[in-house]
Structures are given as C-alpha cells and as structure tokens.
Amino acid sequence: MEKSFIKALAGIVGEANTLTDPESLACYGYDSTPELQSRPGAVLLPGSAEEISQVMALCHEAGVRVTPRGSGTNLSGGSISFDAGVVLQTSRLNRILEIDEENLTATVETGVITSALHREVEAKGLFYPPDPGSMNISTMGGNVAENSGGLRGLKYGVTDDYVMGLKTVLADGDLLKTGGKVVKDVAGYNLNQLLVSSEGTLGVFTEITVKLIPKPVAKKTMLVHFPQLEQAALTVSHIIAARIIPATLEFLDRVTIKCVEDYAHVGLPLDVDAVLLIEVDGHPAQVEEDAAGIRQICERHHCSFFQTAAGPEEALKLATARRVALSALARMRPTTILEDATVPRSCIAPMVKLIQDTARKYDLLIGTFGHAGDGNLHPTCLTDERNPDEIARAHKAFGEIFEATIAMGGTITGEHGVGVAKKKYLPKLVGESGLRVMRGIKGALDPKGILNPGKIF
Amino acid sequence: MDYVKLINCMRCGMCLPHCPTYKETFLETASPRGRVALVRKLQEGELVESEKFLEYVSLCLDCQACASACPCGVNAGELVAEFRCESKKEKGLSLMEDLVLRKLVPHPDRLEAATAPLRLYQKTGLQQVVRSLGLLKLFPEALGRMEGLLPKLPDAPLRQTISEVTPAVGEEKGTAGFFLGCVMSLIFSEASLATVQLLSTLGYRVVTPKAQKCCGAPNMLGHDLDGLKEAAAFNTDLFDSFDLDFVVTDCGGCGAELKKYGQHLDGERKAEEFSASVRDISEVLFAESEALARKLKPLPLRVTYHDPCHIAHCQGIRSQPRALIKLIPGIDFRELPEADACCGSAGTYNIEKPEMSDRVLSRKVQNVLKTGAEYLVTSNPGCLLQLKKALAEAEPKVRVIHLTELLQMSLEA
C-alpha cells in the first residue's frame, strides 16, 4: 500500500490508530478460522461512524479493498483480508447508546461486546436472547454481519429475529439508515434483513437497534446422560415432536464430553456416548410442566441419568461447559476444523450417525456437539496441520458431510457464515439463480467490489 | 521453545476479555492470542526480533489470566515469559536487572543489608523532607517510582527477629514450616506475624527456619536457571531437615514458585514432596474454618477482596480467601468487579512499564471504589505495595491489608 495513501488514512483516524508495522499486520492476518492466514496492507481502528465513512469514501475512490473486523472470532475466514487491503477494526465504537424501556429496544455501537449488552439489559429485567458461543468476545456488529445464532436459537431465534434498525456505511462512504424502533414497517424492500448476514460485503455497520423482550421469570437446566448416541439424537426429535420448545437443547458426544470435562471439571460423565444439556424457561408453571415432559421422553429413550441443576450457579456452570466445547476440543490435537452443518430437526439422528460413519471411513477423529434442538450441529475434526494427508482426508470427509446435509434439505452453515471456508459449497445450495441474485445485489451496493472481497461467492 | 505449544493456540479469542492489556488497548498485538501468534511467526521466520517486536511482547504482565481462561490448555503468558527468558539469555540482562534480580533479591542477607539505609532514611525523617520538597522528581523515573511505592518499613526484617520456633497455643495439632518471602519479611512483617499467630492459635507449632533463602522467582525472571535450581535445592533440604506436616506461606508469589520446585528439579522425589506439602495460608485456614470460626469476634466492616494473580491464576485459589473473610461475624463482603484482574504491579512491571501499569491499576482502583468497601483485602506483597499507594492517593479512607491481618483484627476484636 502506498505511503501517501496510508498517510491520508492516518489523517482521518489518527496516527496511533493506523497500524502498518509487520508485527501488527501479522496479528490482523487471522481470525478464529483454522488454516487461513494472510497479511493486510494496513489496520485502522476508527473511533466514529464519521471516520468510517471518510475511510470508505477514500478507499472507494482509490479502489482499495476493505475488510471490516470486530473481535476476530469469525469461523469462516470472514474477517481476514486476503488481498493486502485495509482491515477496519471496530472495537473502539463500543458504547451502549440507549436502552429504551418504553419501546423495548437497545441501540448500540457496532463494537459493543454481546455479553456486555446482555448484562446491561438483564439488569433492567429485559432480555436480548441471541447468545453465540463466543458472546464474551464477539461484537454486535460481527453478530449482525454473520447472523449469529447460539444456545438459545431453538426457542428465541437468531440475531436476525432481533435486529430492528441499522446504520450502515456503504462502500462509497454514504450512510444508509434502515429500519428503526417501529415494530411494523413494510415500506419498500426489507434492507435490514438483507444487511443481516451480509458478512461485511455490503456495508460497515456503525449503529444497531435491537428488539428486547421481558426476561423469563423462571428457568430450569437439565443434564441427561445417554449410553447410546442414537437414543440421544432421537430424544431431541421427540421433544420437538411433543411440542415442547426448550430455550436450549444442546448435544455433546463422547469425544467432546471428555475434552470439556478436562477443562471445566463440572462432573460430566466419561462413560456415556452422549449428553444433552436442556434448558426450559418462562412462566414457573410452564417450566415445571415442560421439565416433567422432557424427563418422561428422556426416560423413554433409555437415558442413564437425569440431573436437574440445583440452582443458578450450577446451571451457569453447565451452560459454560457447553460454551467452551469448541475450544476444549482443541486440547486433543493442534488443528481444530469446525463445521456448521445444519439439518431439519427430524434428521438429527441420521445426521449424527452419518458424521460418525464418515469419520470412520476417513480414519479421522471427529467430535460432534451443537444446537441439536435447531438442527445445527458442529462436527469438529481434530487434526494436525503439519500432516497434509490428514488435512486432505478431513476436507474430503466434510465434502461428503455437506453433500448429505444438502440432500437432507439442510444448509452448509447455520450460524458461522459462508466466508471463504465454505464458498465452494454455496452454488450447490442456492443454485445458479440464487448466485445471480446475490451477485446482482452486491454489484448494486458495491459496484467496485471493495467490501470484503472474495467472501461468500 | 516447544513449537507444538505455540500451534495449539486455535485463536478462538476466549483469552481476550481476560487480558488486562487487551482491555486497555483493544489491540491484537496486546492480547494473549496476538502474543502467541507473534512468537510463532518469529519461529516460522515470518517476523524478526525487532525493537517493536520486543516492545509488544514485553507489554505482557505475565498475570496468567489468559491461562485460566484458555479452554485449549494453552498458557500464553508462560509461552511469552519463556520467550522473554530465552531472549534475555542471548542478549544478557541490563545492569539494573542483573543487580536486582541476580545479585540482590535472591540473597536475603544482601537484600536486608541493602534496605538498612532505607530504614534510616525513613526513620530520620529524611523521607518526609525529600517527598515534600519534590526531590523525587529529580531522580530517574524508575527510582522515583520505587521510592514512592515504599510504605513505612518495620524496624527490622522479620527473618532476623522472629523466633525459629513458635509454640502452639493449647493442644498441639501439628507442625507448620513457615516460608517467609523477601518482601513480606522486609516490609509486611506485621502481616506475617499475624500469619504465625493464627497458626499457633489454631494449635500449630510454627517453625521458621532462619537460613531460608529467596524462593527463586527473581532468578527465573533473570533467566538464572542455575540460581533457581540452587535456591530450590537449598530450601527443599532446609525444610526437609525439620519434621514438618506442611509448609505454609502468606506470599502468593512464593507459594506459586514453591509449588513448582518438583518441576524445577526435574521431578526429584524430595522436591516433589516438598512442593506437594506447600500451602497458601488461605488453604490452611480454610481447612480449619470450623475451629477458626469459634475464635472470631464481630467486625462490622465493609470488605472487598482482590485476587492476586499468583494466588488465583497460578494456584487456582479463589473461594478460600472469600470464605475466610465471610467467616468473620458482621462483615459486609462486597465482591470486587473484575476481582481477578491484575493490579498492574506484576513483579517489576510497574517500574518498567509505568504507563500501562498505571492504566491497569486505575481500572482496579475504580472498581474498588465502586464497591464502597472500607477495607481492601489481598494476599500478595506486590499487590499490597501497589494498591496501598494507589488507594492512599485516590481514597485514603480505604485501607489495604493482608488477609491474615484482617483475620487477626477479628481475633483481637
């Protein structure tokens, strides 16, 4: 990148917020995605929407590519700049601007950490349900860009279901305001929803208004052991079929259980094939009834142990154990390739079996955990990047897993985004016309193709 | 350095919200994940050990909060410390580091002799004169900061004045070996006396071997591995020569180091046994909660607790100190926000990196003030030094004391 151009960028965001030393560039060349590495041309840490707008205008004019980045917890390579362009880190825009108790909305800057918003709204008896596994690190802007899900997706939906309004800087630096605090709004195309899950390719969010709901009064957390994996998977389908909708219905297989227990020491069993972590919330009477119904279904499917958390502390411990599953798996082998295959909920059992069969076929160690209740599984292959043969087998296995996912009517990503990691599977999922529409939208909003290029398609 | 340890970092970022320097800067280069990446890329030949590189790596407080937070079992802090050691081994120590870390601190006699003029300086009132005239501003910054941190020293180091055997009060339950620690003995001898009193009140005979040497942590900082092993072997043999049920210390830093003697001496059995017998004072007192509770009198105080890194992150001791504080009748315990975040003292970090140390410290002080506590309790001399000074400036009404001092107050109330 030319010195004079970097100087112009520094003129906007300040010298201290313009990083070009090789050490900084190396540290902004990765996110949480395994195997992917690059090196940007410069890293900027803007302090306001106005600065982002000026940076975008300047880059647009010069045709310089820009990759927005929050905390870099992306799992599909979405926050890596692969073309020596500018990385725009939004962490400094981290104020919670308003919690509007009359309209039940919160408005935040894009760099606010998700769990910080949780804390603030819950202190007021309100609730922002989306809770990605990385919520203690991830930013709201990143959550919106990737349409993050999390452990409460089953009952409460994902980020998309809560975004009411956005302020977005477009590729040319113009500011676009979409939606707002109005509950009903059908004026024109739904640009809000278009921007959610755009993976940084259509604009840079600066302000986000989300919907809040009342905090559930009661909650019950259960941990259920299953000696047989298939029984656990069937239990999931049957709970849903019995019209019980838990807030959380999480699945961990034997490999994952062992790794999580090694780290968190919460007393998970080491001699069973699977556990389910189930949480129901809502009105106390309903919670009791749902918990009893769930217990019946679990027992009918030969669970070996059914535990109800004694209090909020124990419940939090169990939920935390699930939250660290991915990272805990990384204890086994150096390189953890996590996938995000999502199937209709009735297909959980065949999917889990297919993953196991595929692991055996390719002689791989795959741990599976995930949001079984919404069909979103995370088969995670434990490998060593220094073993190219093993890595090649892992990619082949995932190729087959995704083919099967699509055949079952599922999708290639439930919450991590397509990014670069999964773009080769997208055409199979959306078809030619799907790609044509997406490319058309991209061309209309970012004619020079400078925003997070090379991602999605 | 072990390359596998470096590639085990999967860059999930779980460490970021726990790193004090990342929380201040939001910079990837100032995060545990970033530091591991830097060292890895150096090994892979993608980066060189430039001045900037060393500057980034040296910004780490080595507080080990990242290790507590890492589900993958990567200890970013230790990897960085290891790298710094190796780098220092090649480049050599600065004169100051060599003097302090190798020649002075590891030798209690020299250290005590060196601090004698300081006692005189404080005693004669010279300190008052120097401070009030602002002469400190004339000193080089590091020296000025060191002077400013020093509270009033006791008349003599505890190691010199304590009797080697303190008998148990009442029926004797067992014998504890007391490992003093340099700074505790030199500066916080009253807290250490409280430690001995608590143990003896609970029925323990306390043996404090006079010949004991520094735990060896400063040798580690100065990459003097021979010195470290020598200290470990000496202290192991010395404590082994007494018939002890366990070894106790009230210094978090010493405790963390003593528990690693087995490792330092390559798994030698005697050293392993010594390490296994080491307890932080809070562990011993917690095990004696029932007996202790009977002796404690009400203290109607608002109290909060700061977790020293060497206690919480290095030794995994979190619940015991809190439980002990709550054991005191009438105490209004208030949890400190971000209690286990480093206070910025971090060995000699507060002198070497004053700007970042002050930022980290100021966050700690703000959190303490939020609790409305009258007493801030902690249990490591580095934290005591740092927090005493900071709170004296920010809010003199808040007193900073060692955990054993608070318990002693309750004993005597």
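Every heavy atom of this structure was used, including side-chain atoms; hydrogens, water molecules and symmetry mates were not.
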Answer whether the closest heavy-atom distance between the side chains of L38(B) and C27(A) falls below 4.5 Å.
yes

I'd like to know whether E23(A) forms a salt bridge (charged side-chain N to carboxylate O under 4.0 Å, His left out) with K41(B), so could you lay out the CA-CA distance, the side-chain angles of the two residues, the decisive distance to 0.1 Å, and finally the verdict.
CA-CA 9 Å; E23(A) 290 82 11; K41(B) 282 174 190 299; over 6 Å; no

Heavy-atom pair count under 4.5 Å with chain B, highest-scoring of P22(A), G29(A), A26(A), P34(A):
A26(A)

Check whether S32(A) reaches the backbone of R11(B) with its side chain - one donor and one acceptor, N or O, closer than 3.5 Å.
yes

Would you say NZ of K23(B) has more than 12 non-hydrogen atoms from neighbouring residues, nucleotides or ligands within 6.0 angstrom?
yes

Below 4.5 Å, heavy-atom pairs only: which of R386(A), R333(A), R92(A) has the largest tally toward chain B?
R386(A)

Side-chain ion pair, R40(B) and E385(A), N-O less than 4.0 Å
yes

Is F53(B) close to chain A through its backbone or its side chain, or both, or neither, when contacts mean heavy atoms under 4.5 Å?
both

Between C9(B) and chain A, which part of the residue has a heavy atom less than 4.5 Å away: side chain, backbone, both or neither?
neither

Within this structure, what is the CG-CE distance for the pair N136(A) and M14(B), rounded to the nearest 0.5 Å?
7.5 Å

Please state whether the side chain, the backbone, both or neither of I7(B) comes within less than 4.5 Å of a heavy atom of chain A.
both

To the nearest 0.5 Å, tell me how far C12(B) SG sits from L75(A) CG.
9.0 Å

Which region of A30(B), side chain (C-beta onward) or backbone (N, CA, C, O), has a non-hydrogen atom less than 4.5 Å from a non-hydrogen atom of chain A, or is it both or neither?
neither

Taking atom CD as the centre, does E313(A) end up with more than 12 heavy-atom neighbours from other residues, nucleotides or ligands that are less than 6.0 angstrom away?
no

Taking all heavy atoms of L16(B) and all of S71(A), pick out the closest pair and write down the distance.
CD1-O, 3.8 Å

Nearest-0.5 Å distance that lies between atom CZ in R331(A) and atom SG in C70(B):
7.5 Å

Do E28(B) and S24(A) get their side chains close enough for a donor-acceptor pair, meaning under 3.5 Å?
no

Is it the backbone or the side chain of D384(A) that comes under 4.5 Å from a heavy atom of chain B, or both, or neither?
side chain

Quick one: what part of L329(A) sits under 4.5 Å from any heavy atom of chain B, side chain, backbone, both or neither?
neither

Which bit of V48(B) is near chain A, if near means a heavy-atom gap under 4.5 Å: side chain, backbone, both or neither?
backbone

Closest approach of Y28(A) to F26(B) (non-hydrogen atoms, all atoms of both residues)
OH-O, 3.8 Å

Against chain B, label N94(A) side chain, backbone, both or neither, depending on which of its atoms sit under 4.5 Å from a heavy atom there.
side chain

At their closest point, which heavy atom of A330(A) faces which heavy atom of M10(B), and how far apart are they?
CB-SD, 3.4 Å

Where S91(A) and Y22(B) come nearest, the two heavy atoms and their spacing
OG-OH, 4.3 Å

Please look at L27(B) and chain A and tell me whether the side chain, the backbone, both or neither of the residue comes under 4.5 angstrom of a heavy atom of that chain.
both

Quick one: what part of R33(B) sits under 4.5 Å from any heavy atom of chain A, side chain, backbone, both or neither?
both

Is it the backbone or the side chain of S115(A) that comes under 4.5 Å from a heavy atom of chain B, or both, or neither?
neither

